[in-house]
Novice: 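Just passing along the structure, written as structure tokens.
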Amino acid sequence: MKKIVYTLLAAVLVSAAAAAVWLFWQIDDIGPPATRTATLTSAERVARGAYLAKAGDCLACHTTRGGQAYAGGRALQTPFGAVISPNLTSDRGTGIGMWSADDFWRALHNGKSRDGRLLYPAFPYTNYTRINRDDADALYAYFQSVPAVNQPNQPHQLRFPYNLQISLAVWRGLYFKPAVFREETGQSVAWNRGAYLVQGLGHCSACHSARNPLGASAGESLSGGMIPAQGWYAPALNARGDWQQAHLAALLKTGTSPRATVFGPMAEVVRQSLQYLDDGDINAIAVYLKALPPAAPPKPFERDTDPEATAFLKAGARLYEKHCVDCHGAGGTGQTPAYPPLAGNQALTMESAVNPIRIVLNGGFAPGTAGNPRPYSMPPFSHALNDMEVAQVVSYLRSAWGNNAPPVSGTDVNRYRAVPLD
């Protein structure tokens, strides 16, 4: 009986491997489309690529803290281990100096390296596949102009079986198909430009969509999700329909607006990427995000009114009065742009309370941008408040001024007290 089971298991594995290899070659056969007639000079193409590299926030992943720009080596933590970003400089030995424009396009569009290896989707080619060839060529021209840095690439630190190419081939067969961005004729020019940036180069769904146990994104609904291995929740982007477009554009461009201020990983995105986009592209993104179909609203939370629950929130109110009211006001209205409002703030009312917990513990640091060069920040309270006190004040924030979200516990707080900041 065991022999039969082992035989069947081997047959399944062989069949899966054969299917994966077939899929590998099918994807490899997808060649790059013809580039439109070049109208840019070499210098203009490099400048265009530099702008697009900012839009894609390439520097964030391909540069270690204090390291040479784009020389790689940053460990990108995932639930399956660490993926080490490669060297993108023009070095011919350790960077991409020997790559052709077709090689670069294949990496973006098909998720394959110059030597034929399948790339891990921590490099978000599942989004970059939508980038058109002209933009890919501009990016290639820019990276070929980046001064060469001789820094050998380091091996990934992935657990078995995620470190196997055959496993990656199976994953791709299930979750990846090269695509192109197609404009929707019924939408405006701004909407289509915003969709192109959000779905492709901006790779917003990489953080703002939920992922399944194998790390595949739930798609372009942008309905929010935990950022793997970082301990932050990327809020839903399809809940901005009631925002004024100007406020959404200001948040993307400067990091602050009358509705909210960005903190955590999004602060880095605004500081290193979005603030450098021109107003046309920022407004196009805002147009697209405002038009996303919203998810169904959550059921109203029925708050417990027993004496213990009431006392818990009253303790939170006293802590708010002691530590928070001077900046955020008795009514939770804040003082924009310095201090964001708390009343009606989505960061406080999401089902997941991880973001307000981490901000109370570790502080909230808005990005310094050209539009907000002297940002105000919130100090950390991890040294001043214990787990129960943090839970009380966060629960109060989630219940006051019309906010209505479930309370959190000291156990919830303790889970994130020791999470690394980076």
Side-chain angles (χ1 to χ4, degrees), residues 24-25 27-36 38-76 82-129 131-158 163-165 168-169 172 178 200-201 203 272-273 276:
F24 175 95
W25 290 111
I27 292 176
D28 189 47
D29 284 343
I30 299 175
T35 306
R36 295 195 298 269
T39 59
L40 301 178
T41 66
S42 177
E44 289 171 335
R45 187 171 291 275
V46 168
R48 175 65 179 166
Y51 176 83
L52 295 171
K54 288 285 190 184
D57 200 12
C58 305
L59 189 72
C61 290
H62 290 274
T63 308
T64 58
R65 294 196 181 276
Q68 296 288 328
Y70 297 113
R74 184 168 183 178
L76 309 175
V83 175
I84 313 301
S85 63
N87 186 338
L88 293 186
T89 73
S90 59
D91 186 73
R92 296 174 67 84
T94 62
I96 61 171
M98 293 290 289
W99 286 40
S100 68
D102 284 352
D103 294 333
F104 189 78
W105 162 260
R106 191 173 295 110
L108 294 180
H109 187 68
N110 292 353
K112 293 192 65 177
S113 185
R114 179 173 180 259
D115 61 6
R117 288 180 302 106
L118 301 179
L119 300 175
Y120 284 94
F123 170 64
Y125 57 83
T126 49
N127 295 95
Y128 291 168
T129 188
I131 296 173
N132 64 47
R133 183 60 193 261
D134 279 353
D135 282 349
D137 286 350
L139 281 163
Y140 170 77
Y142 169 65
F143 286 122
Q144 291 300 306
S145 76
V146 173
V149 177
N150 186 276
Q151 180 169 299
N153 294 319
Q154 301 299 313
H156 302 311
Q157 301 164 8
L158 296 167
N163 59 341
L164 302 178
Q165 284 279 291
L168 184 52
R172 288 164 58 102
L201 198 57
H203 60 285
Q272 295 190 162
S273 172
Y276 297 104

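Predicted model only: the values in this text are computed from it and were never measured.
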Novice: So, taking the atom named CG in L139 and the one named OH in Y51, what distance separates them when rounded to the nearest 0.5 Å?
Specialist: 12.0 Å

Novice: Between F143 and F104, is a side chain to side chain contact (heavy atoms under 4.5 Å, CB included) present by the stated rule, with each step listed?
Specialist: CA-CA 10 Å; F143 286 122; F104 189 78; 3.8 Å; yes

Novice: Given the rule in the side chain to side chain contact (heavy atoms under 4.5 Å, CB included) test, do Y120 and L76 qualify, once you have shown the distances and angles that lead to the verdict?
Specialist: CA-CA 11 Å; Y120 284 94; L76 309 175; over 6 Å; no

Novice: Do any side-chain atoms of residues 54-63 form donor-acceptor pairs under 3.5 angstrom with protein atoms, and if so which ones, sequence neighbours left out?
Specialist:
{"unit_1": "D57", "atom_1": "OD1", "unit_2": "Q272", "atom_2": "NE2", "d": "3.4"}
{"unit_1": "H62", "atom_1": "ND1", "unit_2": "P86", "atom_2": "O", "d": "3.0"}
{"unit_1": "T63", "atom_1": "OG1", "unit_2": "L59", "atom_2": "O", "d": "3.1"}
{"unit_1": "T63", "atom_1": "OG1", "unit_2": "Y70", "atom_2": "N", "d": "3.0"}

Novice: For R114, enumerate each residue passing the salt bridge (Lys or Arg N to Asp or Glu O under 4.0 Å) test, keeping only those at least two apart in sequence or located in another chain.
Specialist: D103

Novice: Name all residues meeting the ring pair (Phe, Tyr, Trp, His ring centres under 6.0 Å) criterion together with F123; count only those two or more places apart in sequence or in a different chain, and write none if there are none.
Specialist: Y128

Novice: Working to the nearest 0.5 Å, report the span between CD of E44 and OG1 of T39.
Specialist: 8.0 Å

Novice: With distance as the sole test, does R172 use its side chain to make a donor-acceptor pair with the main-chain N or O of G111 at under 3.5 Å?
Specialist: yes

Novice: Before giving the answer on side chain to side chain contact (heavy atoms under 4.5 Å, CB included), spell out for L52 and L201 the whole-Å C-alpha distance, their side-chain angles and the decisive distance to 0.1 Å.
Specialist: CA-CA 8 Å; L52 295 171; L201 198 57; 3.8 Å; yes

Novice: Looking only at heavy atoms, what is the nearest atom pair of A136 and W105, with distance?
Specialist: CB-CE3, 3.6 Å

Novice: Ignoring hydrogens and geometry beyond distance, is a side-chain donor-acceptor pair present between T89 and N87 at under 3.5 Å?
Specialist: yes

Novice: Looking at I131 and D135, what are the two nearest heavy atoms and their distance?
Specialist: CG2-CB, 3.7 Å

Novice: Rounded to the nearest 0.5 Å, what's the gap from NE2 on H156 to OG on S85? Could you check?
Specialist: 9.0 Å

Novice: Roughly how far apart are L168 CG and L118 CG, rounded to 0.5 Å?
Specialist: 5.0 Å

Novice: Please enumerate all residues that pass side-chain hydrogen bond (donor to acceptor under 3.5 Å, both in side chains) together with Q157, with sequence neighbours excluded.
Specialist: none

Novice: Among residues at least two apart in sequence or on other chains, which ones pass side-chain hydrogen bond (donor to acceptor under 3.5 Å, both in side chains) with Y142?
Specialist: none

Novice: Let me confirm one number: the CG-CD distance from N150 to Q68, rounded to the nearest 0.5 Å.
Specialist: 11.5 Å

Novice: What residues, two or more places apart in sequence or in another chain, satisfy ring pair (Phe, Tyr, Trp, His ring centres under 6.0 Å) together with Y276?
Specialist: none

Novice: Could you go through N153 and I84, starting from their C-alpha distance and side-chain angles, then the distance that decides it, and tell me whether this counts as side chain to side chain contact (heavy atoms under 4.5 Å, CB included)?
Specialist: CA-CA 8 Å; N153 294 319; I84 313 301; over 6 Å; no

Novice: Taking Y125 for its side chain and L119 for its backbone only, find out whether a donor-acceptor pair lies under 3.5 Å.
Specialist: yes

Novice: Checking the side chain of Q151 only, and the main-chain atoms of T94 only, is there a donor and an acceptor separated by less than 3.5 Å?
Specialist: no

Novice: Before accepting this row, confirm whether a basic side-chain N of the pair R106/D102 lies closer than 4.0 Å to the acidic partner's carboxylate O.
Specialist: no

